[in-house]
There are 2 protein chains.
Amino acid sequence: MTKPDKREEIVGAALELIAEHGFHGAPMAMIAERAGVGAGTIYRYFENKDELINQLYREVEKKMVDDLLVGYPMEKTIRERFLHFGTVLLRYFISHPLDFRYLEQFHNSPYGVEYRRDRILGKKEEFDIFRDLFEEGVSSRVMKDLPLVILFALSFGPLLAVARDHILGFITLDDELIARTGEACWDGVKQ
Amino acid sequence: MTKPDKREEIVGAALELIAEHGFHGAPMAMIAERAGVGAGTIYRYFENKDELINQLYREVEKKMVDDLLVGYPMEKTIRERFLHFGTVLLRYFISHPLDFRYLEQFHNSPYGVEYRRDRILGKKEEFDIFRDLFEEGVSSRVMKDLPLVILFALSFGPLLAVARDHILGFITLDDELIARTGEACWDGVKQ
DNA sequence: CAAAAAGGAATGAACGTTCATTCCTTTTAC
DNA sequence: GTAAAAGGAATGAACGTTCATTCCTTTTTG
């Protein structure tokens, strides 16, 4: 196994185990075993478990955001761009359930709270296409004049909830249901 | 300290510590210390940590549901009943942040998934005022004809997200914002 | 009524287990 | 042959739980 392969194996094993069993249900020894490497080897690639968890988060998030931007209809209406995001996001979660579960685990942990605090209250300069879309929506009076955080909640709250329900098997989302869920979210944020 | 007092102390300490630091950030020894009892004493009231966590969940949930039903306008329109729930729920979470955080921790853990599975897929016979409201909304064509699970997501998804943002200090909800958030949720589910 | 005995609630040190991390040996790469 | 990489047993800290003992209340006895 070549060097980058080993890192990939570790990251993949960590993703699977943490997505399925949570941070505390995924001991380093188990990650090592599933990755097919020695326990000590992980520490050649990651300083400690926290570092592994954080780096994995960034990789999963980047992969998702990159995917989200493919085919983004930059020139279309706000509504269409909003629906694009909703649809693509839901599809992404459904076809990458491990990624979704991992992101959820992360966000619902102290790691995620700290991360979100930085993101929302911290430096704005970073490229944030969601923020741009919502700010444009509010200032052009196409969306309700509510704080960004609430518009985010109205949009992502339901999307995350239905993605979770689908992945846990409480419902089966098809294309029509995905589209109608996106529309319903739009009804929530639109003026 | 009388006998029921001790149980109360344990439950209160567990609520505080778990709400703040999660299940794994609240060792039994720490719960015992905060409760002002010996570590072994907890096991006189609860068989084990799981039992403590589950019983605490049921108490917190019951307290909340009871509160939610006070002043429920049984005879008013579906819209008004929906808005009542949204408002009262948000207010409850804001004034009981520990309860909210505990419920979140629970729902985002294996405990919660199992619990939800029973609730959604399992026996329907249990009294569930939410389910009744949404079923009435759909059948009377006041709400969108979507699966109940999705209507739930459209309603509670944003409410939970907003409550979390308030409690974590990302936004400050006042009466007006609470009302407008509820209305926005209604826009999402209404036909 | 007072003293002794019993009962059972409370305690916290101790135990066994689990885990992240380290350390030293073995293997690989060049 | 040597240095880097990998391996996995060893380590020690932290955890949930147990249990022998203490403490306090209640009951019994004379």
Side-chain angles (χ1 to χ4, degrees), chain A residues 1-60 101-102 105-106 108-112 114-115, chain B residues 1-59 102 105-106 108-112 114-115:
Chain A
M1 207 183 292
T2 66
K3 193 176 170 190
D5 262 359
K6 245 176 236 283
R7 192 183 178 284
E8 280 310 294
E9 289 296 325
I10 293 167
V11 158
L15 175 66
E16 283 177 38
L17 287 169
I18 294 173
E20 261 177 83
H21 304 116
F23 295 120
H24 298 278
M28 293 296 260
M30 203 184 287
I31 293 172
E33 193 189 8
R34 164 113 28 148
V37 304
T41 306
I42 296 179
Y43 290 84
R44 297 203 50 77
Y45 294 90
F46 304 95
E47 202 186 316
N48 52 40
K49 194 176 183 180
D50 268 27
E51 194 63 25
L52 168 59
I53 287 168
N54 279 300
Q55 285 196 35
L56 177 51
Y57 175 80
R58 261 157 233 158
E59 288 182 28
V60 170
R101 298 273 286 150
Y102 185 85
Q105 301 271 3
F106 189 90
N108 292 314
S109 74
Y111 302 108
E114 190 188 346
Y115 178 83
Chain B
M1 206 183 293
T2 66
K3 192 179 169 188
D5 261 0
K6 246 176 235 282
R7 192 183 178 284
E8 280 310 294
E9 288 296 326
I10 292 166
V11 159
L15 176 66
E16 284 178 37
L17 288 169
I18 294 173
E20 261 178 82
H21 305 115
F23 294 120
H24 298 277
M28 292 297 259
M30 203 185 286
I31 293 172
E33 193 189 7
R34 165 117 23 152
V37 304
T41 306
I42 297 178
Y43 291 84
R44 296 202 53 76
Y45 294 89
F46 304 95
E47 202 187 317
N48 51 40
K49 194 176 183 179
D50 267 28
E51 196 62 23
L52 168 59
I53 287 169
N54 279 298
Q55 285 196 33
L56 177 50
Y57 176 78
R58 261 157 233 159
E59 288 182 27
Y102 185 85
Q105 300 272 2
F106 189 90
N108 294 314
S109 73
Y111 301 108
E114 191 189 346
Y115 178 83

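Chain identifiers are assigned alphabetically (A, B, ...) following the order of the sequence lines, protein sequences preceding nucleic acid strands; residue numbering begins at 1 within each chain.
- Comparing C:dA20, D:dG7, C:dG12 by their closest approach to the side chain of A:Thr41 singles out D:dG7.
- Checking C:dG16 for Watson-Crick or G-U wobble geometry (two distances, each under 3.5 Å) identifies D:dC15 as its partner.
- A donor-acceptor pair under 3.5 Å is absent between the side-chain atoms of A:Tyr111 and the main chain of A:Asp50, judged by distance alone.
- Put simply, NZ on A:Lys49 is 8 Å from C1' on C:dC19, counting in whole angstrom units.
- Taking atom CE on B:Met30 and atom P on C:dG12, their separation rounds to 17 Å, with Å as the unit.
- The minimum heavy-atom distance between B:Leu52 and B:Ala14, with the atom names listed, is CD2-CB, 4.1 Å.
- A:Glu33 CD: 12 or fewer foreign heavy atoms inside a 6.0 Å radius.
- Checking D:dA6, D:dG16, C:dT11 against the side-chain heavy atoms of B:Met28 singles out D:dG16 as nearest.
- In this entry the distance linking CD of A:Glu47 with C1' of C:dA20 reads 13 Å, nearest Å.
- Pair check for D:dT22 finds C:dA9; Watson-Crick or G-U wobble, both atom distances under 3.5 Å.
- Straight-line distance from the CD atom of A:Glu33 to the P atom of C:dA20: 14 Å, rounded to whole Å.
- For the pair B:Phe46 CZ and D:dT18 C1', the interatomic distance rounds to 18 Å; values are reported in whole Å.
- At a non-hydrogen distance threshold of 4.0 Å, nothing from residues 10-26 of chain B comes into contact with DNA chain D.
- Contact check for A:Phe46 versus A:Leu56: no side-chain heavy atoms found under the 4.5 Å cut-off.
- Using a 4.0 Å cut-off, no side-chain N or O of B:Tyr45 falls inside it from OP1 or OP2 of C:dA9.
- Taking every side-chain heavy atom of B:Arg44 into account, C:dA10 is the closest of C:dA10, D:dG7, D:dT17.
- For A:Lys6 and D:dA4, the shortest distance from a side-chain N or O to OP1 or OP2 is not below 4.0 Å.
- The two atoms that bring B:Ile53 and B:Tyr102 nearest to each other are O-OH, 2.7 Å, heavy atoms only.
- Residues satisfying the ring-ring contact (aromatic ring centres under 6.0 Å, His included) criterion with B:Tyr57, sequence neighbours excluded, are B:Phe106, B:His107, B:Tyr115.
- B:Ile42 has its CD1 atom 17 Å from the P atom of D:dC19, to the nearest Å.
- Atom pair B:Asp50:CG and D:dG16:C1' shows a separation of 11 Å (rounding to whole Å applied).
- Heavy atoms of other residues, nucleotides or ligands lying less than 6.0 angstrom from CD of A:Glu20 number more than 12.
- In this structure, of D:dG7, D:dT17, C:dT21, it is C:dT21 that holds the atom nearest to the side chain of A:Tyr43.
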